[in-house]
Amino acid sequence: MTIRLYNTATRQKDPLVTRTEGRVRMYHCGPTVYASAHIGNFRAFLLADLMRRFFEDQGFEVLQVMNITDVGHMTADDEDLGVDAIEAAAERERLDPYQIARKYEDEFKGFMAALHFRMPHHMPRATEHIAEMGAIIDTLLEHGYAYQVNGNVYFEIAKFPRYGALSGKVLDELEEGARVAVNTEKRDPRDFALWKTDAKHLMQWDAPFAGGMRGFPGWHIECSAMAMKYLGKSFDVHTGGEDNLFPHHECEVAQSEAATGEQFVRTWLHVKHLLVEGQKMSKSRGNFVTVADVFDRGYSGYELRYAIVKVQYRQTLNFTWSGLDDARASIKRVRQAWERVIRIAAGAAAAGADDIAAEVTAAGAAFTAALADDLNTSEALAAVFALVTAINKAQPDVGSAAAAAAALQRFEDVLAVFGEAPTADRPDAPPELLEKVRAREAARAARDFARADQLRDEVAAAGYRIVDSSAGPQLEPM
RNA sequence: GGUGCCUUGGCCGAGUGGUUAGGCAGUAGAUUGCAAAUCUGCGUACAUCGGUUCGAUUCCGGUAGGCACCUCCA
């Protein structure tokens with residue numbers, strides 16, 4: 001099936017045509033590791049994981065790179081404005097910048113694992129690719145795309161006419177209304193830094209390019225260097241938050257294509273920011289929700305994934321705590337149907353005579369079509385629930401129960417929101433509880449319902465729910 | 001100031017020029033001794049004002065509100 005993705009560069013849904021047939025190479029702008037990741041960060045990274053999973057589902061061999069930005073960047077070109085994010089965190093936490101970066105990188109990877117990511121094949125650190133950045137800077141200087149002033153190296157956008165094409169920025173209007181600090185070193189205020197010098201900066205390297213001074217890399221060069229190192233000069237997909245579009249990705253294109261003369265990225269995807277309880281997430285509002293906050297409130301990685309993935313990535317997502325409760329209930333509904341068909345297929349539960357193979361096929365096709373249409377996860381979930389309802393309405397036969405279970409497993413492999421497959425065999429309950437169940441059956445037979453309900457309460461207190469069925473009472477862990 | 005996006009029933013959210021999105025919650029019924037789960041039904045849904053059209057939630061324009069980028073941010 002043809003996969004169509006909304007390409008920021010063309011402003012339309014383009015069919016995914018990879019440079020090498022059957023292979024997708026993707027780069028994702030990763031975290032700057034100076035603080036705990038919040039759910040907004042993870043919305044963007046979850047898109048990367050969803051693409052990885054869906055492309056693999058569709059038979060692609062995926063090569064995925066997500067960088068770790070472990071060097072901070074100034075918030076303005078004026079050095080006197082101070083410290084970058086990582087240095088600020090270092091001061092706050094009384095650690096050196098490298099310790100800060102590693103601490104939050106480790107935490108970030110832990111969150112990825114807790115959210116059931118397929119880990120990217122490479123997660124390179126910016127600080128370990130200074131040489132690669134230097135090579136690009138060398139080339140840009142040699143070819144006249146960059147110039148050096150007082151040890152600082154700037155990319156000269158006047159030399160790259162396509163600057164602004166990706167983001168659709170009209171260069172003449174770029175500065176209107178924006179607070180841009182005057183920097184008289186630059187030939188054009190919109191030129192951006194490739195290398196900077198500042199004696200006060202804690203992270204410093206000898207210049208990795210010819211004729212330079214000791215300093216640190218500019219904001220954008222790391223992504224070009226690492227993307228090209230691991231994916232080649234030209235690759236298929238690049239993702240990031242919508243805020244990255246300008247200037248970050250615009251600058252990446254300029255410096256990369258100026259250096260190589262080749263198209264840097266075929267398809268650009270940008271993830272829309274989310275809201276929290278209807279409001280923009282911001283420090284001043286104090287409504288930052290970190291991944292740790294979600295776990296602290298007792299929600300699982302699957303539940304968080306569900307709450308985020310249920311909305312297509314280009315739509316504003318309103319994250320709410322009640323939405324997490326909804327996710328929990330929705331997941332439960334799917335899992336119940338899933339367990340049912342697994343048990344029927346395994347002979348652990350009675351099979352019926354209904355053939356639901358057609359419904360299974362239809363749901364699978366709808367699921368694929370939904371994701372192929374710019375990763376429409378909302379529609380994909382509707383397809384999942386169509387299958388769930390079909391299962392619940394029917395008494396599936398063994399064959400179509402197995403097919404339904406396989407379909408649900410596939411949906412889970414792509415979305416990773418429902419959890420691991422239920423098992424056909426229910427674990428044995430403690431003997432004393434089974435004894436209570438038997439006693440309750442006796443009480444029911446004697447129509448002593450007060451006694452029966454009391455026994456059920458006792459079993460419930462032990463963590464099991466008694467569910468009466470045509471096949472007798474079942475014990476289910478709660 | 002420039003540019004772009006959005007506004008769907010109690011909540012979250014698809015989609016479409018005329019036909020049921022889906023989930024959660026609620027409610028009535030079936031089933032059950034009672035439950036749980038499940039199934040079925042229900043709830044004046046498409047911000048607002050105009051326009052185009054046989055017909056608009058779905059296209060066009062105005063208005064109101066929200067969001068984003070232009071400045072560190074996913």
Side-chain angles (χ1 to χ4, degrees), chain A residues 8 11 28-32 34-35 37-48 72-77 81 84-85 88 164 167-181 190 219 239-248 250 270-275 278-283 306-307 310-320 322-334 336-337 340 366 370 376-386 388-389 391-394 443-444 447-450 452-453 456-457 460 465-470 474 476 478:
Chain A
T8 305
R11 285 157 187 77
H28 313 291
C29 278
T32 302
Y34 66 96
H38 59 254
I39 55 174
N41 295 313
F42 268 92
R43 186 184 195 192
F45 305 137
L46 244 15
L47 172 73
H73 299 287
M74 295 299 191
T75 55
D77 282 341
L81 279 184
D84 67 51
S167 60
K169 296 294 178 196
V170 181
L171 293 189
D172 293 343
E173 294 169 351
L174 218 60
E175 292 169 277
E176 279 182 36
R179 292 176 302 156
V180 174
R190 297 159 297 187
W219 172 25
T239 74
E242 58 177 333
D243 54 290
N244 283 151
L245 174 56
F246 189 91
H248 186 53
E250 193 74 59
H270 292 95
V271 183
K272 191 106 169 160
H273 283 186
L274 54 70
L275 304 178
Q279 292 209 300
K280 174 176 150 185
M281 189 163 68
S282 70
K283 278 180 179 139
Y306 189 104
K310 74 176 179 184
V311 182
Q312 199 256 3
Y313 73 96
R314 284 197 297 127
Q315 300 300 322
T316 300
L317 155 66
N318 185 14
F319 176 88
T320 62
S322 69
L324 238 22
D325 291 331
D326 290 357
R328 177 172 289 176
S330 302
I331 291 167
K332 185 180 172 195
R333 178 169 158 80
V334 172
Q336 243 162 316
R340 182 150 173 261
N376 191 333
T377 41
S378 300
E379 280 209 339
L381 282 169
V384 174
F385 283 102
V388 166
T389 299
I391 291 169
N392 287 337
K393 282 171 95 151
R444 291 179 73 204
R447 302 197 68 78
D448 183 357
F449 295 121
D453 289 346
R456 179 165 59 194
D457 289 344
R465 176 173 25 242
I466 299 176
V467 178
D468 295 322
S469 76
S470 54
Q474 307 282 315
E476 294 180 354
M478 285 195 282

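Naming convention: chains lettered A, B, ... in sequence-line order (proteins, then strands); numbering from 1 in each chain.
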Just wondering, do F449(A) and rG33(B) stack (centres under 5.5 Å, planes under 30°)?
-> yes
Of the listed rC34(B), rC39(B), rA68(B), the closest approach to the K280(A) side chain comes from rA68(B)
Candidate nucleotides rC70(B), rC39(B), rC67(B), ranked by approach to the side chain of K169(A) - the nearest = rC70(B)
Distance between the P atoms of rC42(B) and rU32(B), in whole angstroms?
-> 24 Å
Should K332(A) be listed as having a side-chain N or O under 4.0 Å from OP1 or OP2 of rG23(B)?
-> no
Any N376(A) side-chain N or O less than 4.0 Å from OP1/OP2 of rG15(B) = yes
Checking only heavy atoms, does the side chain of R447(A) share a donor-acceptor pair with the base of rG33(B) at less than 3.5 Å?
-> no
Searching all strands shown, indicate the nucleotide that pairs with rG9(B) (Watson-Crick or G-U wobble; both distances under 3.5 Å).
-> none
D453(A) or T316(A): which one's nearest nucleotide on RNA chain B is closer to the 5' end?
-> T316(A)
Name the nucleic acid region contacted by N392(A), choosing base, sugar-phosphate or nothing; use a 4.0 angstrom heavy-atom cut-off, strictly under.
-> sugar-phosphate
For rC34(B), does either OP1 or OP2 sit under 4.0 Å from a side-chain N or O belonging to R456(A)?
-> no
C1'-based separation of rG17(B) from rC67(B) [nearest Å] = 28 Å
Any H273(A) side-chain heavy atom under 4.5 Å of R43(A) side chain | no
Should the heavy atoms of other residues, nucleotides or ligands under 6.0 Å from CZ of R447(A) be counted, would the total exceed 12?
-> no
Scan R43(A) against the nucleic acid and name what it touches under 4.0 Å (heavy atoms): base, sugar-phosphate only, or nothing.
-> nothing
Ignoring the backbone of F246(A), work out which of rA37(B), rA74(B), rC70(B) is nearest its side chain.
-> rC70(B)
Go through rC39(B), rC34(B), rG22(B) for me and flag the one nearest to the R444(A) side chain.
-> rC34(B)
Looking across every strand, which nucleic acid part, if any, lies under 4.0 Å from A382(A) by heavy atom: base, sugar-phosphate, or nothing?
-> base
Which value, in whole Å, describes the distance between the P atoms of nucleotides rU19(B) and rG62(B)?
-> 28 Å
Touch class at under 4.0 angstrom, heavy-atom based, for Q315(A) against every strand present | sugar-phosphate
Phosphate OP1/OP2 of rU71(B) contacted by W219(A) side-chain N/O (<4.0 Å) | no
What is the base-pairing partner of rU16(B), counting Watson-Crick and G-U wobble geometry with both distances under 3.5 Å?
-> none
What integer distance in Å separates R314(A):CZ from rU7(B):P?
-> 13 Å
For L274(A), answer base if it contacts any base atom (sugar-phosphate contacts may also be present), sugar-phosphate if it contacts only those atoms, and nothing otherwise; contact means non-hydrogen atoms under 4.0 Å.
-> base
Watson-Crick or G-U wobble partner for rG55(B), using a 3.5 Å limit on both distances?
-> none
Counting Watson-Crick and G-U wobble pairs only, both distances under 3.5 Å, name the nucleotide matched with rC34(B), or none.
-> none
Measure the shortest side-chain to side-chain distance between L275(A) and T316(A) over non-hydrogen atoms and say whether it is less than 4.5 angstrom.
-> yes
Taking side chain as C-beta onward, heavy atoms only, is V311(A) less than 4.5 Å from K272(A)?
-> no
Nucleotide nearest Y306(A) (side chain, heavy atoms from C-beta), chosen from rG23(B), rC39(B), rC73(B) | rG23(B)
Pair partner, rU3(B) [Watson-Crick or wobble, under 3.5 Å] | rA68(B)
Atom P, compared across rC59(B) and rU8(B): separation rounded to whole Å | 15 Å
State, to 0.1 Å, how close A337(A) and N392(A) come at their nearest heavy-atom pair, and which atoms those are.
-> CB-OD1, 3.8 Å
Between rG22(B) and rG43(B) - P atom distance, rounded Å | 14 Å
Give the nucleotide from the list rC11(B), rC73(B), rG13(B) with an atom nearest to the side chain of V311(A).
-> rG13(B)
Base, sugar-phosphate, or nothing: which does V467(A) touch, judged by heavy atoms less than 4.0 Å apart?
-> base
Contact class for H38(A) (heavy atom, under 4.0 Å): base, sugar-phosphate, or nothing?
-> base
With both distances under 3.5 Å as the test, what is the Watson-Crick or G-U wobble partner of rG29(B)?
-> rC39(B)
Verify the contact: side-chain N or O of R333(A) to OP1 or OP2 of rC39(B), cut-off strictly under 4.0 Å; return yes or no.
-> yes
Determine which nucleotide pairs with rU63(B), using a 3.5 Å limit on both distances of a Watson-Crick or G-U wobble pair.
-> rA47(B)
Contact nearer the 5' end of RNA chain B, comparing N318(A) with N41(A) = N318(A)
Who pairs with F319(A) by ring-ring contact (aromatic ring centres under 6.0 Å, His included), at least two apart in sequence or on another chain?
-> W321(A)
Could you tell me whether G40(A) contacts a base, only the sugar-phosphate backbone, or nothing, with contacts defined as non-hydrogen atoms closer than 4.0 Å?
-> base
OP1 or OP2 of rA74(B) under 4.0 Å from side-chain N/O of N244(A) = no
Roughly how far apart, to the nearest Å, are rA45(B) and rU58(B) at atom C1'?
-> 14 Å
With no angle test and no hydrogens, is the base of rC6(B) tied to the side chain of K272(A) by a donor-acceptor pair under 3.5 Å?
-> no
Determine the contact category for I39(A): base if any of its heavy atoms lies under 4.0 Å from a base atom, sugar-phosphate if only primed atoms, P, OP1 or OP2 are that close, otherwise nothing.
-> nothing
Please measure how far the P atom in rA36(B) lies from the corresponding atom in rU27(B), and state the result in whole Å.
-> 12 Å
Could you give the distance separating rG1(B) and rU63(B) at their P atoms, to the nearest angstrom?
-> 13 Å
What nucleotide, of rG15(B), rC69(B), rC34(B), holds the atom closest to the side chain of E379(A)?
-> rG15(B)
